[in-house]
Amino acid sequence: MRLIHLAQISASPLGGVLFLDARLYDEWAGRILTEGFSAGRPLFVEPGYALLLALFKAAGVGPAGTRLAQAALGLGIVWLTARVARRLGGSTAAGAAALVAALYLPLIYFEGLILKTTLEVFLSMLLIERILALGDLPTAGRALLAGAAAGAGLVVRSTLLPIAAAGAVWAALGARREGRPRAAVTPLLMLALPAAALAGLAASNRISGGEWTPFPYNSGINFYIGNCRGCNGVDAGYPFGRGVPEHEEEDSRLEAERRAGRPLGFSGSSAFWWRETAREIVQDPGRWMALMGTKLLLWWNRYEITDNQSLYFMRQHVPVLRWPLPGYWLAAPLGCAGLAAAWLLRADRAWAFTGCALLIQMGLVVSFHVAERYRLPAVPLMLAMGCAALAR
């Protein structure tokens, strides 16, 4: 399936064209090779995927090779989905989850885009699978592997931090409940590597932009465009500015300074958008609650809402994307079954953690704005939990 997809997208008019965020990542990778990592300002988005593309560029790997590498990561996602399903529901669940994940259309689709989505899905599932393994046998080696997955994940997507923290607490409570000596040692060892990754990002931001912050400064504006007055929870476009990705960073900072009437700096502009969103929510809480309800329904809706390159546009040129393959119409009911099973089987520690991880992922997306690439990291977990629920 993946080879068919790669062959068709390479033969399409869009095969050699990078646009929107894909073009920005490609240009960022080129600047890393020619100018170094520092850009004279803190990071607006996580740098992990751009660093990977820079390595590919240095090795002479172009878009076609990048897509092939992402297809290999896609097979890794299938394998991790099967491992999580096996832990929750046995070999039958593992086989069913692997089959659905292998044929899941949006996973195949994003492997053909020069975006960090496939890498993010892989690292998210790797972190969850390693945390489950750590809970089963809390050794130093497993703690380091889980920590490495968390550290790599934070460099690609900082929203993996709540899952890593929840996993560390879950492992510590489980070890304490079972009376294991030094119950907190392995979770602390697991958190050492993500802490080092955050420290490295903070140092980079301090050197580049003079500000000590471990996180990108796009969180404030992303929260605003998902919750502001007049926003619909879907369209990621700013209600101001030029409406193109390459100017989003500057437009958000300049608008924050215009409204504040003074210079704010980089992290200061992000803090301004958090305060601005809170102010609009307090002024009209009913509107915000209705918006949150809308976003929750959109999370469970089968339509693949885009803020970048639309599946429904790309399938005009890539025939395999029109095939009747599994999509969110199947993932959503499986996810509901998985959440119901997690509640009923909450005495099983693995089910309790996976249910918590899925709710964290859903809560983060709904709290900001809903798009198919933001909810996709939760889909393999939904498939694993749902197939395990049916097998149980």
Worksheet item: Are there more than 12 heavy atoms of other residues, nucleotides or ligands under 6.0 Å from atom CZ of Arg279?
Response: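 Count over threshold, so yes.
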Discussion item. Whether Glu280 and Arg275 form a salt bridge (side-chain N of Lys/Arg under 4.0 Å from carboxylate O of Asp/Glu) is what I want to check.
Written reply: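 Between Glu280 and Arg275 there is no salt bridge, as every charged N stays at least 4.0 Å from the carboxylate O atoms.
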Worksheet item: Listed by chain and number, what are the disulfide (SG to SG under 2.5 Å) partners of Cys231, not counting sequence neighbours?
Response: Cys228
Worksheet item: Will you find, in the side chains of Gln361 and Ser124, an N or O donor that is under 3.5 Å from an N or O acceptor?
Response: yes
Worksheet entry | Positive for side-chain contact (heavy atoms from CB on, under 4.5 Å) with Cys356, one of Thr354, Ile360, Leu359 |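 Among Thr354, Ile360, Leu359, the one meeting side-chain contact (heavy atoms from CB on, under 4.5 Å) with Cys356 is Ile360.
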Worksheet item: When Leu325 is tested against each of Leu105, Leu107, Leu330 for side-chain contact (heavy atoms from CB on, under 4.5 Å), which residue passes?
Response: Leu105
Worksheet item: Quick one: are the ring centres of His369 and Tyr374 less than 6.0 Å apart?
Response: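 Judged by ring-centre distance (under 6.0 Å), His369 and Tyr374 do meet the cut-off.
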Worksheet item: What about the rings of Tyr303 and Tyr328, do their centers lie closer together than 6.0 Å?
Response: no
Practice prompt. Would you mind listing every ring pair (Phe, Tyr, Trp, His ring centres under 6.0 Å) that reaches into residues 49-93, with sequence neighbours excluded?
Written response: Tyr25-Tyr49
Worksheet item: Does the cation-pi check pass for Arg349 over Trp170, that is, NZ or CZ under 6.0 Å from the six-membered ring centre and within 45° of its axis?
Response: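 The answer is yes, since Arg349 meets both limits relative to Trp170.
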Item to complete: Might you work through the salt bridge (Lys or Arg N to Asp or Glu O under 4.0 Å) test for Asp26 and Lys57, ending with a clear yes or no?
Response: CA-CA 9 Å; Asp26 184 71; Lys57 279 182 174 291; 3.0 Å; yes
Discussion item. Does anything in residues 96-113 form a side-chain hydrogen bond (donor to acceptor under 3.5 Å, both in side chains)? List the pairs, not counting sequence neighbours.
Written reply: Arg2-Glu111
Worksheet entry | Pair listing, side-chain hydrogen bond (donor to acceptor under 3.5 Å, both in side chains) test, anchored in residues 264-273, at least two apart |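 As it turns out, the side-chain hydrogen bond (donor to acceptor under 3.5 Å, both in side chains) pairs with a partner in residues 264-273, which skip direct neighbours, are Glu211-Ser267, Ser219-Ser270.
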Discussion item. For residues 148-162, which residue pairs pass the salt bridge (Lys or Arg N to Asp or Glu O under 4.0 Å) check, not counting sequence neighbours?
Written reply: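 Non-adjacent pairs meeting salt bridge (Lys or Arg N to Asp or Glu O under 4.0 Å): Glu120-Arg157.
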Worksheet item: Who are the side chain to side chain donor-acceptor pair (under 3.5 Å) partners of Arg259, not counting sequence neighbours?
Response: Tyr224, Glu255, Glu276
